[in-house]
Amino acid sequence: MRITNCRSCGCGDLRVILDLGSQPVANALLSEEELSRPEARFLLAVAFCPACALLQVTETVPADVLYRRDYPYFSSSSPALLKHSAEHVEALARKYELGPRNFVVEVASNDGYLLRNFVDRGIDCLGIDPADGPVARANAIGVPTIHDFFGSRCAEKLAGEGKLADVVIANNVVAHVDGINDFVAGFARLLKPTGIAVFEFAYALDMVEHCEFDTIYHEHLFYHTLHGLTPLFRRHGLYLNDAERLPIHGGSLRLTVGRTPARSEELDALFAHEAALGVDQVSCYNDFADRVRALRDSLACLLISERAKGKRIACYGAAAKGATMVNYLDLGERFFEFVADANAYKQGKFMPGQRIPIRHPDQLVADQPDYVLLLVWNFAGEVMRQQATYRERGGSFIIPVPEPCIVPPDAPIDDTQFAIFPTRDPGAPHAL
Ligand SMILES: [Zn+2]
């Protein structure tokens, strides 16, 4: 369904800043039988609200279409996420001196991967998640978890049971909820007067600065900045008090919100940085859109010219961002030989839209294509180290963002080059 008004403030004057065309749902992988049927497509465009500065997609894809996964997602399967979560809990426990007298709630708690760290410390906690498989797993490992969608109704019920929280954590969910006002109202209801809520989400400033347009897909309804979130939280009596930039997922923000104002210097500095970049002005995003189109043109040009020379090209990572990338490139079916992905659930299926067959990563060494377009560029160092044999045998990786870059077989892997704040040396021998 196409929106006509801002999901946060209701303003009816939304400005489309980037149109990625009609795209299939990024996570809707296809089975062999489904190849004969047409795929549902929805406009993938981002609009800016001039009244409240919130960035949002213009189309709300129905949840039953959007989340039609044929395999359950368990957060515990990601070692990087487990480490990140354990460190986050450690930092929270130290900063707020959390102990047995405190109560912590996590929204979208999945299989208890984060809350188990509180359980281990003897801190009372509760998870809330709408996915039944992960909820059952969480309860089985001793993390109390209820099966529900979070919002004002759920918060009211918990508050009625006397379960007000000292800390509420919500990671990678605040960009996904269509009814964003009801969602934020739930936090205001659930927090004790002295309580804090901590949100982590992909930071739109990283997307804009590093041209990470492939983080745009229908599941991500919002692309948050401090400027866009401030009116939303204030509407519900909540204050943005601290912000920390994190390297995870290509650049994230950890935002601390409370029921009383207590702004940190870090928050003020980042807010000023956003203001200087003009994130509350539509012109900032017009420049981003120009860079996105230039990136697509230069990447398509590179790939097409190499194919014309007879080179063979595969991809790595059948993730949602990869679907946005290949469908926006739109080079046609069979342009890429296959896409390698380590997730056994995905192997044997096809990426949506361009219908690229998904294979085990061993296929890279077995087939030895000349190039691998690295769709999961946020794991560049990890993937290239795993593919040492492919590289030793002459294979090159192509990293698409922030600008297309070939990594030759013998180039050393420099993680800082592929980290969140890529400080690429323009004189480096492999820069295009
Ligand atoms: Zn608005």
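Just follow the structure's listing: the first ligand is 1, and inside any ligand the first atom is 1. All values derive from a computational prediction rather than experimental measurement.
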Notebook entry, point to check: When D242 is tested against each of R263, R254, K95 for salt bridge (charged side-chain N to carboxylate O under 4.0 Å, His left out), which residue passes?
Noted result: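 Between D242 and the candidates, salt bridge (charged side-chain N to carboxylate O under 4.0 Å, His left out) is satisfied uniquely by K95.
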Notebook entry, point to check: How wide is the angle at the Zn ion (ligand 1) between SG in C9 and SG in C52, to the nearest 10°?
Noted result: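 C9 SG and C52 SG form an angle of 110° at the Zn ion (ligand 1).
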Item checked: Geometry at the Zn ion (ligand 1) - C6 SG versus C49 SG angle, rounded to 10 degrees ->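 My answer is 110°, to the nearest 10°.
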Checklist line | Whether C11 has an N, O or S atom under 2.8 Å from the Zn ion (ligand 1) | finding: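 Short answer: no, not a single N, O or S atom is under the cut-off.
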Note to self: Quick one, Y371 with F397, criterion ring pair (Phe, Tyr, Trp, His ring centres under 6.0 Å). Give me CA distance, side-chain angles, the key distance, then yes/no.
What the structure shows: CA-CA 6 Å; Y371 293 103; F397 277 87; over 10 Å; no
Margin query: Checking D111 against S75: is there a side-chain donor and acceptor pair closer than 3.5 Å?
Written below: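 Their side chains do not contain a donor-acceptor pair, so the 3.5 Å distance test is not met.
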Next item on the list: Evaluate whether atom CD of E161 has more than 12 neighbouring non-hydrogen atoms of other residues, nucleotides or ligands under 6.0 angstrom away.
Entry: yes
